[in-house]
2 protein chains.
Amino acid sequence: MTRIPGRALTVPPTLADVAERAGVSRQTVSNAVNNPELLRADTLVRVQEAIEELGYSPNRAARNLRTRSSHLIGLRMSPVQEFTANAAADRFVHSLVDTSREAGYQVLLFSGDATDPESGYDDLLRSTAVDAFVVTDTYLGNPQAAWLRERRAPFVAFGRPWDDPSATHPWVDVDGAAGAELATRHLLDKGHTRIAWIGWRKDSFIGEDRRSGWSRTLKERGLPTTGLASRVEDTVNSGREASAVLLDEALPTAFVCASDTLAMGVMHTLAERGMHAGEDVAVVGFDDSQTAQVMHPGLTSVRQPLEDVAIEVVSALEGLLAHPRRIAEGKLLTPTLAVRRSS
Amino acid sequence: MTRIPGRALTVPPTLADVAERAGVSRQTVSNAVNNPELLRADTLVRVQEAIEELGYSPNRAARNLRTRSSHLIGLRMSPVQEFTANAAADRFVHSLVDTSREAGYQVLLFSGDATDPESGYDDLLRSTAVDAFVVTDTYLGNPQAAWLRERRAPFVAFGRPWDDPSATHPWVDVDGAAGAELATRHLLDKGHTRIAWIGWRKDSFIGEDRRSGWSRTLKERGLPTTGLASRVEDTVNSGREASAVLLDEALPTAFVCASDTLAMGVMHTLAERGMHAGEDVAVVGFDDSQTAQVMHPGLTSVRQPLEDVAIEVVSALEGLLAHPRRIAEGKLLTPTLAVRRSS
DNA sequence: CCGGCGGACTTGATCGTTCCAATGGGGATC
DNA sequence: GATCCCCATTGGAACGATCAAGTCCGCCGG
C-alpha cells in the first residue's frame, strides 16, 4: 500500500499509482473498475493485476464528491425501550444491513431527539452525506414523511402513511390485521370461542389495524367481541391488569395481544393465579421477540417477515434512486405465526 | 437551497455561494464554520447570516476528501442470534450512536461473513470510508484485532485481548468476574450456601472470567464449589438440562448463570418441576436482557454498564485519532446487579 | 517618515475520482 | 489508396472543500 518508500504505510494507493504501474491512463483504470466491458481483455487483465498488487480500493470521498452520491442509507435509531419485549428493531436493522450490502449500499446510523422528527435528518440531507433514508418509527403516523417529501429527500418508509393515504412515497409494511387474523384463526382451530383482545390505545393506527383482524375474524364466525377487548399502554403491567379484568368479567379462554409485551402481562396474571398458559388459557403475542422464544412455556406469536421487509425496502430504494420521479407504490407483506406451547 | 433559479431544488449551495452572498472569500466562509475565532465579529455575523439564508451545510464528500477523514466509525454487526436472550448488542449500539454524535462522529454499520473476521473491514479501510473501527465480537479472543493492528487501522475493542495480553490497542471491557461475584454475594446475603454455576464452554475466555468470580467468592467463604458447576453451550435447552442434572446431583438452592439465556433454561427446569424461582430456588442471570425484565417472575441479572462502555470507547477513539502513536491502555468497568423476584 | 509587525482576509493549489471531448490506430468500404 | 468509422484509450476539467502561502492595511516604535 506504499506509494513512496519510507512514507507511512497508511497512505493508500490512488488511481494514478495503479495507472502508472499498469502503463495506462487514470481513466482506463477507472473504467476497469466501473465499466470493465469498455476495455480490451488484455488491458483489463493488466490493470486488474496492478490493482491487486497495490491493494487499491477507490477512495470513497473522492468518488462521492464526483458522483454526488455516497451509497449510504441513513437510518435513525428510535430510542431503546427497556421493559418491553421488542426485538423487532434489532432483527430489521440486521436484515437491512445485509440486504443493503448486496445492493451496494451501507447503513449510516444516527439518532436524534425523539420529540423532534426532523432532527438529524436535516444535516445529513444538506451535506449530502446519505443518498436516502429509511424511516421506521411510524407507529403514530409519520410526521417526518411529510417533512422529507417537502424537501424532496429520497426515502422509503417501513410503515404505511396511515394519516395520509394520498402520500406518494414508497413504503413497505406488514399486514397487522392479517397477523391478528392468523392468530385468531389458530385459536378458533384449537376450539376456543371466547377470544379476548388486548391492544394499544385508540390513537395507534397500527394497534387499530391489528385489532381489526381479530374482530373481523370473530364476527365472520358469529362469535362475540363485545366486552372482550381492552386498549391499554404497551407495558407488561398494563397487560397484566387488563387480562385480570377480562378474566374476571368476560371469561375468555384465549388472548390475542397486540404485542409480546402485553402478552407477557397476560402470562404474569396467569402465573399469579396458578393457571397455565397453553393449558388453562391460550395466549398469542405479536412480534416474535426473543422473549417469546426463550420463555417457558414458549409464547405463540405473530412473526413479521422482517427479512422480506428489508428486501422490499432496499428494492424500493434502488428504484427511487434510479428513477427519481417514478410514482411510488406501497407494498404489504403478510406475517406468519410462530406456534409454541402457550396456545 | 437553490443556486440558479429554475434548477432543481435539490442542488445544495456551496461555500462559494455563501462567500458571494456575504461578500467574502471562500476561505473566510470555511473559517467561519471551522475556526470562527479567526474572524472579526462583524464579518462572522455577516457570514453566518448568509449561511442561514442559503441553508448551507458543508459537503461531506469534499470535506472528507480534503481532510482525509470521514468522521465515521465502522461497526460490524454480529449476526442475530435468535433463541437467545441477548439484548446487550442493541443497547450498546444505541449508546454508541448517541455518544459518538456528541463527539462529532457517526456510525457506519456493516456486516461480513461470520467465519471470516477480516471481511468487510478491508474495503472500508482501504477506501478510507471510516476513520476507525469499534470491534465488539471478542468472545473467543479477537482475531481481527491482530489483523487490524497489523494494518495500522485505528480501532477500539469492546472486550479485552484475552489471547494476547501484550496487545497494545485500546480496549474497554466489563469486569465479568466482578459481576459474577456481585451475583454470588447477593445470594450469600440471602442465606444460600449451595450456589451452583452454569456457564459456557471452557474455551470461552469471557465465560471463564465470569466463572472465576463465582468460584473465588465461594472459596473466600469456605463454601463448596466442586460438583456445583457445569459448562455448556449458550442455549436455553443446555441451561435446562444442566440445571436438571445439578438439582438432582448437587442439591443447590441457587444458580448463577453466565447468561440470561442459560438462566432461562433454569427457569424451564423449575417450571417443569412445579418449583418457583425466587421461592424454592434462586436464579441470577447475566446481561439484563429484555427477557429478564419482562418475564414472570422478573429475573435478577448482572447488568453491564453499556452506556459507560460506549462513553469510554468513544473517548478512547478520540484519543487514538488525535494522537495516533499514543500508548493505548485498557479500561475495565464494573457491572451492577438488577435485583428482581427470581432471587 | 519609515520599517516592521501582526491581524483579517484572499488566492491558487490540491485531495482522488469521474465526466467529457478528443485522439490515434486499424479494419472495412468504395 | 483514400475515406470513413469505430473502438480503445487519453488528457484536461470539474466536483466542493481545506491547506499553505500570500496580500493588504493599520498601528507602533524609533
Side-chain angles (χ1 to χ4, degrees), chain A residues 1 3-4 7-8 10-48 50-51 54-71 123 126-129 131, chain B residues 1 3-4 7-8 10-48 50-51 54-71 123 126-129 131:
Chain A
M1 266 173 69
R3 257 194 300 183
I4 301 158
R7 285 225 8 224
T10 46
V11 176
T14 71
L15 263 190
D17 299 322
V18 177
E20 195 185 348
R21 178 158 195 130
V24 296
S25 69
R26 296 188 320 268
Q27 184 60 41
T28 299
V29 179
S30 174
N31 285 335
V33 174
N34 301 308
N35 304 89
E37 75 279 4
L38 292 180
L39 300 201
R40 227 172 36 213
D42 58 333
T43 318
L44 181 58
V45 169
R46 203 149 35 94
V47 174
Q48 283 172 336
I51 289 177
L54 293 175
Y56 167 79
S57 295
N59 180 299
R60 284 267 254 267
R63 175 178 276 181
N64 294 349
L65 175 59
R66 187 68 243 225
T67 62
R68 297 166 166 285
S69 79
S70 62
H71 279 240
D123 184 54
R126 289 198 308 203
S127 63
T128 64
D131 288 354
Chain B
M1 264 164 82
R3 256 195 300 185
I4 300 156
R7 285 224 10 224
T10 46
V11 176
T14 71
L15 213 51
D17 299 322
V18 178
E20 195 186 349
R21 178 157 195 134
V24 295
S25 70
R26 297 187 323 264
Q27 184 61 42
T28 300
V29 179
S30 173
N31 285 335
V33 174
N34 300 309
N35 303 88
E37 74 280 2
L38 292 180
L39 299 202
R40 227 170 40 209
D42 59 332
T43 318
L44 181 58
V45 168
R46 203 149 36 92
V47 174
Q48 283 171 337
I51 289 177
L54 294 175
Y56 167 79
S57 296
N59 180 299
R60 286 265 253 267
R63 174 177 275 181
N64 295 350
L65 175 59
R66 190 67 246 232
T67 64
R68 298 164 166 286
S69 80
S70 63
H71 278 240
D123 184 54
R126 289 197 307 204
S127 63
T128 64
D131 288 355

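Because the structure is a prediction, the values reported are computed rather than measured. Within every chain, numbering begins at 1; the chains are lettered A, B, ... in the order of the sequence lines, protein sequences first and strands thereafter.
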(request) Just compare dG16(C), dC19(D), dC9(C) and give me whichever is closest to any side-chain atom of Arg40(B). (result) dC9(C)
(message) When you measure from the side-chain N and O atoms of Arg68(A) to the phosphate of dG16(D), is any distance below 4.0 Å, counting only OP1 and OP2?
(response) yes
(request) Could you tell me whether the side chain of Leu39(B) reaches within less than 4.5 Å of the side chain of Gln48(B), counting heavy atoms only? (result) no
(message) When you compare the side chain of Arg126(B) with that of Pro12(A), does any pair of heavy atoms fall below 4.5 Å?
(response) no
(request) Report yes or no: does Arg46(A) contribute a side-chain atom to a donor-acceptor pair with the main-chain N or O of Ala22(A) at less than 3.5 Å? (result) yes
(request) For the side chain of Pro58(A), starting at C-beta, report the closest nucleotide among dT17(C), dA17(D), dC15(D). (result) dT17(C)
(message) Quick check on dT18(D): is either OP1 or OP2 less than 4.0 Å from any side-chain nitrogen or oxygen of Ser30(B)?
(response) yes
(request) Rounded to the nearest angstrom, tell me the gap between atom CG in Leu38(A) and atom P in dT10(D). (result) 13 Å
(message) Rounded to whole Å, please give me the gap between CG in Leu65(B) and C1' in dA14(D).
(response) 12 Å
(request) Consider the side chain of Tyr56(A), meaning its heavy atoms from C-beta on, and name the nucleotide among dC9(C), dT18(D), dT17(C) that approaches it most closely. (result) dT17(C)
(request) Please check the phosphate of dT10(C) (OP1 and OP2 only) for any side-chain N or O of Thr28(B) closer than 4.0 Å. (result) yes
(message) Applying a 4.0 Å non-hydrogen cut-off, can you work out what Arg60(B) is touching in the nucleic acid: base, sugar-phosphate, or nothing?
(response) nothing
(request) Report the distance from atom CG of Asn31(A) to atom P of dT18(C), rounded to the nearest whole Å. (result) 9 Å
(message) Considering every strand and a 4.0 Å limit on heavy-atom distances, what is the contact class for Asn34(B): base, sugar-phosphate, or nothing?
(response) sugar-phosphate
(message) Of the options dT17(C), dA17(D), dT9(D), whose atoms approach the side-chain atoms of Thr43(A) most closely?
(response) dT9(D)
(message) Using whole Å, what does the distance between atom P of nucleotide dC15(D) and atom CZ of Arg66(A) come to?
(response) 7 Å
(request) Compare the minimum distances between each of dT10(D), dA17(D), dT17(C) and the side chain of Thr14(A), then state the nucleotide with the smallest one. (result) dT17(C)
(message) Show the nearest heavy-atom pair for residues Pro36(B) and Val33(B), with the distance to one decimal.
(response) CD-O, 4.2 Å
(request) Round to the nearest Å and state the distance from Gln27(A) atom CD to dG12(D) atom P. (result) 13 Å
(request) Assign Thr67(A) to base, sugar-phosphate, or nothing according to its heavy-atom contacts below 4.0 angstrom with the strands shown. (result) sugar-phosphate
(request) Kindly say whether Ala62(A) contributes a backbone atom to a donor-acceptor pair with the side chain of Asn59(A) at under 3.5 angstrom? (result) yes
(message) Expressed as a whole number of angstroms, how long is the span from Asn35(A):CG to dT17(C):C1'?
(response) 13 Å
(request) Examine distances only and state if a side-chain atom of Ser30(A) and a backbone atom of Arg26(A) form a donor-acceptor pair shorter than 3.5 Å. (result) no
(message) I need the CZ-C1' distance between Arg63(A) and dT18(C), as an integer number of Å.
(response) 9 Å
(request) Could you tell me whether the side chain of Thr14(A) reaches within less than 4.5 Å of the side chain of Asp17(A), counting heavy atoms only? (result) yes
(message) At 10 degrees resolution, what angle do the end axes of the helix from dC1(C)-dG30(D) to dC30(C)-dG1(D) form when each is taken over five base pairs?
(response) 50°
(message) Nearest whole Å is fine: how far is dC15(D) P from Arg26(B) CZ?
(response) 12 Å
(request) May I ask you to check whether Ser70(A) and Asn64(A) show a side-chain donor-acceptor distance below 3.5 Å? (result) no
